[in-house]
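Data block below; observations after.
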Amino acid sequence: MATKYSIPRGTYDILPDISYRRIYVEQMFYKIAATFNFKQIVTPIFERSDVFERSVGDTSDIVQKEMYRFTDKKGRKFALRPEGTASVVRSYVENNLGMAGGATRLCYSGPMFRYDRPQKGRYRQFYQYGVEYLGSDDPMVDAEIIALGHRYLTALGLKNFKLEINSIGSANCAKDYDAALVDYFTPHLDAMCRDCRQRIDKNPKRLLDCKVASCKAIAKDAPNMLEYLDDDCKTHFTAVQRYLAQMGIPFSVNPTIVRGLDYYNKTAFEFIDTNLGAQNTLIGGGRYNGLVAQFGGKDVPGIGFAGGFERLMLSMETEGCFFGEEPRPQIYFVALGNAAKVAAAGILYRLRSQGISAEYNVEKTSMKAQMKAADKSGAKGVLILGDDELKDNVVVLKWLETGKQKRIKIDNIAEELHPE
RNA sequence: GUGGCUGUAGCUCAGUUGGUUAGAGUACAAGAUUGUGGCUCUUGGAGUCGGGGGUUCGAAUCCCCUCAGCCACCCCA
């Protein structure tokens with residue numbers, strides 16, 4: 001007996017009855033991105049491991065324990081991509097995309113891989129969409145990227161989300177701030193959870209994020225990141241807010257937003273769903289000045305965001321959003337008898353060549369069964385061909401919604417379906 | 001990686017203190033004067049009771065292991 005295989009943990013199949021929804025949501029993304037003149041870039045789903053290790057940060061959880069790594073036959077080290085930005089920047093540098101002059105606006109979508117414990121809205125293979133803007137540090141660009149995210153969510157019909165923004169400063173103000181945090185938290189450490197005690201050395205900003213009640217209480221009075229911004233970061237951040245206000249995009253400043261990837265600086269933002277579970281970040285993004293230089297390119301500033309299709313669609317489901325029309329054939333062909341079946345092959349092929357979607361069922365022979373199948377398929381019309389019609393060179397066209405039917409010439413089917 | 005809950009037809013679920021051929025709804029298939037769908041009715045097929053091991057005369061039911069899903073931690077999309 002053949003063994004039945006089951007899908008790997010944390011992955012899922014997109015089955016044909018709902019795959020049109022994914023197509024709708026993805027196409028909407030590219031459509032909105034195009035209105036901002038972003039163009040698609042496609043990169044491989046695996047890269048040399050250090051592409052991610054160096055950019056995402058080798059102390060980050062993603063690199064430390066969530067990457068799918070493998071070695072090829074020549075011993076090269078690769079990893080399935082855990083996120084999109086590193087690959088895009090690698091390609092930007094490798095192909096000198098900046099040489100075209102002006103800014104580079106890129107968008108992408110595709111599968112990402114993280115070895116995580118699966119739960120609702122979190123998978124080991126998941127699908128992200130994202131944008132990257134390379135070539136400017138102007139705060140207007142920050143606002144534009146955020147606006148693009150906002151436009152997309154809105155275009156899908158989502159309402160129950162909020163935008164939170166923050167500035168995590170640049171390298172030099174972050175250093176001051178981290179020192180201030182260590183100074184503040186160190187005397188309280190005994191009252192804090194074990195995780196926090198461990199994290200204070202690695203990344204003191206994380207202590208701001210802790211969910212444990214006692215830690216939360218201490219973190220409440222911690223130094224505010226925004227007060228440690230240098231002048232450049234400060235004016236940048238206020239300008240971003242001014243642009244957002246100008247665009248009429250509502251937001252709130254949340255100083256505890258700490259993005260988990262090392263390359264972020266200055267502006268950080270999240271679109272959060274307000275009625276999803278624990279995995280409620282719809283879109284996360286931020287600025288990453290310095291990353292291009294780190295990949296061996298010029299010191300070109302950049303900013304971008306990424307979001308997961310899974311959470312997006314979960315959110316759309318809870319809000320009852322439109323997911324696009326379910327595809328169905330225009331015509332269902334009912335053939336009675338073998339001569340009609342043979343003729344149907346030719347007619348079907350001609351209709352399809354003319355762009356008319358058509359379906360039939362060879363397994364069913366009775367008229368009743370074929371009509372039932374036609375009804376179930378959602379087809380708008382049925383073409384019925386039997387011996388009577390065959391000898392007159394006609395078919396019966398029946399509209400399923402109204403039940404009206406008439407005999408039409410076989411050569412005129414396409415015109416009858418498209419009256420104009 | 002840690003903890004809690006769950007796992008019975010394709011889907012949603014029943015299944016009494018372990019007891020004989022494991023049920024329902026829905027979906028599917030065939031039929032109701034044989035060339036006309038939807039509604040109704042009749043009949044039918046379909047389940048390794050997640051998997052493996054153990055206790056027992058007997059396990060879907062009790063015990064152990066394992067796999068998977070969900071929820072939270074964590075992490076983030």
Practice task
Go along nucleotides 33-46 of chain B 5' to 3' and tag each nucleotide: B for a protein heavy atom under 4.0 Å from its base, S when only backbone or sugar atoms are that close, - otherwise.
Solution key: --BBBB--------
Name the nucleic acid region contacted by [X], choosing base, sugar-phosphate or nothing; use a 4.0 angstrom heavy-atom cut-off, strictly under.
X: A/Q370; value: nothing
X: A/G130; value: nothing
X: A/G10; value: sugar-phosphate
X: A/A374; value: nothing
X: A/I283; value: sugar-phosphate
X: A/Y123; value: base
X: A/R311; value: base

Pick the [atom1] atom in [N] and in [M], then give their distance to the nearest Å.
N: B/C57; M: B/C65; atom1: P; result: 24 Å
N: B/G51; M: B/A14; atom1: C1'; result: 24 Å
N: B/U55; M: B/U16; atom1: P; result: 24 Å
N: B/A9; M: B/G47; atom1: P; result: 10 Å
N: B/C13; M: B/C76; atom1: P; result: 34 Å
N: B/A27; M: B/G44; atom1: C1'; result: 14 Å
N: B/C49; M: B/U6; atom1: C1'; result: 15 Å
N: B/C28; M: B/C67; atom1: P; result: 37 Å

Problem - Under-4.0 Å salt bridge between A/E317 and A/R21 - result: yes
Fill in the blank from the handout: With the side chain defined as heavy atoms from C-beta on, A/R9 is closest, among B/A77, B/C71, B/G69, to B/G69
Completion exercise
Testing B/C73, B/A77, B/A30 for proximity to the side chain of A/A369, the answer is B/A30
Problem - A/F309-B/A77 aromatic stacking (under 5.5 Å, under 30°) - result: no
More than 12 heavy atoms of other residues, nucleotides or ligands under 6.0 Å from [atom1] of [X]: is that the case?
X: A/M140; atom1: CE; value: no
X: A/Y133; atom1: OH; value: yes
X: A/R48; atom1: CZ; value: no
X: A/Y349; atom1: OH; value: no
X: A/K380; atom1: NZ; value: yes

Determine whether the side chains of [X] and [Y] contain a donor N or O and an acceptor N or O closer than 3.5 Å.
X: A/Q279; Y: A/R311; result: yes
X: A/Q294; Y: A/Y263; result: no
X: A/Q330; Y: A/Y332; result: no
X: A/E26; Y: A/S109; result: yes

To the nearest angstrom, how far is [X] atom [atom1] from [N] atom [atom2]?
X: A/R124; N: B/C67; atom1: CZ; atom2: C1'; result: 12 Å
X: A/E363; N: B/C28; atom1: CD; atom2: P; result: 17 Å
X: A/Q119; N: B/A77; atom1: CD; atom2: P; result: 15 Å
X: A/K65; N: B/U2; atom1: NZ; atom2: C1'; result: 11 Å
X: A/Q125; N: B/A77; atom1: CD; atom2: C1'; result: 14 Å
X: A/F52; N: B/C76; atom1: CZ; atom2: P; result: 16 Å
X: A/E26; N: B/A77; atom1: CD; atom2: P; result: 18 Å
X: A/E310; N: B/A77; atom1: CD; atom2: C1'; result: 8 Å

Completion exercise
Minimal heavy-atom distance between A/K341 and A/V362, with the atoms involved, is CE-CG1, 3.9 Å
Under 6.0 Å between ring centres: does that hold for [X] and [Y]?
X: A/Y68; Y: A/Y115; result: yes
X: A/F271; Y: A/F305; result: no
X: A/F46; Y: A/F70; result: yes

Exercise for the section: Would you check if A/I331 and A/L348 make a side-chain contact, meaning some heavy-atom pair closer than 4.5 Å? Expected result: no
Problem - Any side-chain heavy-atom pair of A/I257 and A/F269 under 4.5 Å - result: no
Practice task
Go through the N and O atoms of the side chain of A/R122 and the base of B/C74, and report whether any donor-acceptor pair is under 3.5 Å.
Solution key: yes
Every protein N/O lying under 3.5 Å from an N/O of nucleotides 51-53 of chain B:
none

Fill in the blank from the handout: When A/T11 and A/F126 are each assigned the nearest nucleotide of RNA chain B, the 5'-most assignment goes to A/T11
Exercise for the section: Identify which one of A/Y127, A/Y24, A/Y129, A/Y123 satisfies the ring pair (Phe, Tyr, Trp, His ring centres under 6.0 Å) criterion when paired with A/F309. Expected result: A/Y129
Passing candidate, side chain to side chain contact (heavy atoms under 4.5 Å, CB included) with [X], options [options]:
X: A/I272; options: A/L282, A/N280, A/I283; value: A/N280
X: A/Q241; options: A/D142, A/T267, A/I165; value: A/I165
X: A/R114; options: A/E66, A/Q125, A/R124; value: A/E66

Exercise for the section: For A/N166 and A/I168, run side-chain contact (heavy atoms from CB on, under 4.5 Å): C-alpha distance rounded to whole Å, both residues' side-chain angles, the deciding distance at 0.1 Å, then the answer. Expected result: CA-CA 6 Å; A/N166 190 26; A/I168 56 176; 3.9 Å; yes
Practice task
Specify the residues of residues 142-159 of chain A, ordered by number, for which at least one heavy atom lies under 4.0 angstrom from an atom of RNA chain B.
Solution key: none
Practice task
Could you identify which residues of residues 84-92 of chain A place a heavy atom less than 4.0 Å from some atom of RNA chain B, listed by residue number, or say none?
Solution key: none
Fill in the blank from the handout: Listing for RNA chain B: consecutive Watson-Crick or G-U pair runs of at least 3, distance cutoff 3.5 Å, ranges ordered by first number, gives B:1-7 with B:67-73, B:10-13 with B:23-26, B:28-32 with B:40-44, B:50-54 with B:62-66
Polar atom pairs between nucleotides 3-12 of chain B and protein, under 3.5 Å, N or O only, would you list them?
| from | atom 1 | to | atom 2 | distance (Å) |
| --- | --- | --- | --- | --- |
| B/G3 | O6 | A/R117 | NH2 | 3.2 |

